[in-house]
Amino acid sequence: MQTLGVDLGVNSYPIWVGDGLLADPSAGGALLRAHLRGNQCVVVSNDTVAPLYMDALLACLSQPGVNADLVVDQFLLPDGEAYKTLDNFTSLLDFLLARKHNRGTTVIALGGGVVGDLAGFAAASYQRGVNFIQVPTTLLAQVDSSVGGKTAVNHPLGKNMIGAFYQPRCVLIDTSTLASLSERDYLAGLAEVLKYGVIYDGAFFNWLEDNQTKLVAREPEVLRHAIVESCRIKALVVAEDEREQGLRAILNYGHTFGHALENLAGYGTLRHGEAVAIGMVQAADFAARLGLFAQVDAQRVKALIARVGLPVAPGAELAADDLVAAMALDKKTIDGTLHFVLPSAIGTVAVHDINTDAQIKALKETLGSGALLCEEALQAGVTV
Ligand code: NAD
Ligand code: GLY
């Protein structure tokens with residue numbers, strides 16, 4: 001097992017990464033017990049993940065050393081992004097009240113980013129904030145959403161529009177849970193792993209290129225390294241800028257395009273990671289059109305995304321004007337100015353205001369052209 005930390009003063013917390021942490025109740029129980037409070041907790045999960053991992057988590061929570069009086073409730077959501085709603089958030093609060101959970105309770109999220117985001121927002125809101133633990137079970141949640149304290153639900157007019165910054169007490173990552181993840185969801189998580197290479201660490205991007213086949217095959221040692229490196233980068237960025245006043249915005253690379261795509265396609269049509277993959281390709285293309293990023297590096301980003309099997313362009317034609325209108329609703333749009341995280345080199349990105357006529361024209365060209373298709377990217381002479 002490897003332990004990383006998110007350094008946030010009194011709100012600092014550990015991230016444990018290990019193979020089989022849940023399957024070994026004494027190991028899981030020993031880790032979790034110090035972070036439980038009082039004699040109540042609720043495990044929030046969904047109807048796909050609970051049958052797979054709820055029993056293992058319950059076994060951890062009934063280990064010697066864990067409060068023997070601990071009452072463990074379960075709250076299951078239907079599966080899917082479409083259920084990350086204010087209605088389901090309210091249902092969870094109703095449940096906590098009906099079951100008489102007090103301020104000492106602990107909310108434990110067992111699942112992917114949808115469960116984690118909704119459960120975290122409920123933990124942030126219930127009685128002005130209760131103890132929160134993340135047990136992420138998708139690659140995306142393990143490398144991104146469980147770390148850093150962003151919690152939210154969607155609104156029909158915009159993704160993640162209602163939420164709070166609220167840090168967990170600890171993050172328990174059992175990499176063996178990824179064995180049951182579908183290929184599509186696994187690849188969606190891989191998109192966020194690739195993101196860290198582009199935004200922060202060129203050497204990590206090179207390593208990802210070198211290990212792409214083993215990564216896709218979920219080779220345990222390669223997968224563990226990818227998760228640990230991703231969490232390391234995310235923890236560094238969050239420790240520097242918890243509330244996204246500056247540096248943390250780099251984590252949104254690909255997300256201005258991606259959120260607009262998710263919104264227009266309808267939540268749940270595209271996986272979040274798939275939308276981010278297309279968004280990263282579009283952002284690289286846009287940066288190249290603006291002369292900020294070498295064309296050859298934009299091709300490298302595109303080629304790696306294509307080669308692991310992620311989409312590089314929207315499946316359906318979406319009008320550039322509709323996409324720009326959706327972007328205008330994004331949280332990153334301030335006073336009518338669009339903001340994009342754009343790369344200048346692999347491993348380095350910056351936030352750019354996009355408001356001149358020339359920039360908007362280049363943006364619409366990027367959106368209108370569609371990104372290069374996988375085959376074209378691979379034929380572009382890129383060595384990966
Ligand atoms: P998800 O939670 O919908 O999980 C994807 C699918 O995998 C679901 O069907 C789920 O039931 C299933 N699943 C989960 N674990 C499994 C397992 N071990 N075996 C088999 N199936 C399993 O999606 P996601 O990709 O994990 O997360 C996407 C969400 O995360 C989006 O709502 C996005 O906005 C959010 N997000 C939040 C942050 C943040 O910082 N809070 C960052 C990135 C993404
Ligand atoms: N996933 C973006 C962030 O955590 O800031």
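Whatever order the structure lists them in is the order used to number ligands and atoms, beginning at 1. Only this structure's heavy atoms are used, side chains among them; waters, hydrogens and symmetry mates stay out.
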> For atom 29 (C) of ligand 1, which candidate among Gly149, Gly113, Gly112 provides the closest heavy atom?
Replying inline: Gly113

> Is it true that Phe293 and Phe286 have ring centroids separated by less than 6.0 Å?
Replying inline: no

> What part of Leu181, side chain, backbone, both or neither, has a heavy atom within less than 4.0 angstrom of ligand 1?
Replying inline: both

>> Taking the side chain as everything from C-beta on, heavy atoms only, tell me whether Glu274 gets closer than 4.5 Å to Arg184.
In response: yes

> Nearest protein heavy atom to atom 1 (P) of ligand 1, by residue and atom, and its distance?
Replying inline: Val114 CG2, 3.9 Å

>> Counting neighbours of OH on Tyr83 that are heavy atoms of other residues, nucleotides or ligands and sit closer than 6.0 Å, is the number greater than 12?
In response: no

>> Out of all atoms in ligand 1, which are within 4.0 Å of some heavy atom of Lys234? Include the element for each.
In response: 40 (O)

> Which protein heavy atom lies closest to atom 15 (N) of ligand 1, and at what distance to 0.1 Å?
Replying inline: Thr137 OG1, 2.7 Å

>> My understanding is that we take every heavy atom of each candidate and find the minimum distance to atom 28 (C) of ligand 1. Doing that for Val276, Asn46, Leu140, which one comes out nearest?
In response: Leu140

>> Would Glu209 and Arg300 count as a salt bridge (charged side-chain N to carboxylate O under 4.0 Å, His left out) here? Give the steps.
In response: CA-CA 9 Å; Glu209 285 181 330; Arg300 260 180 92 190; 2.9 Å; yes

> Of the protein's non-hydrogen atoms, which lies at the shortest distance from atom 10 (C) of ligand 1, and what is that distance?
Replying inline: Asp79 OD1, 3.6 Å

>> Quick check on contacts: which atoms of ligand 2 are under 4.0 angstrom from a heavy atom of Lys234?
In response: 1 (N), 3 (C), 4 (O)

>> Can you report which non-hydrogen protein atom sits closest to atom 14 (C) of ligand 1, along with the distance?
In response: Thr138 CG2, 3.2 Å

>> Suppose we measure from atom 6 (C) of ligand 1 to each protein heavy atom; which comes out shortest, and what is that distance?
In response: Asp185 OD2, 3.3 Å

> Against heavy atoms of Asn160, which atoms of ligand 1 measure under 4.0 Å?
Replying inline: 34 (O)

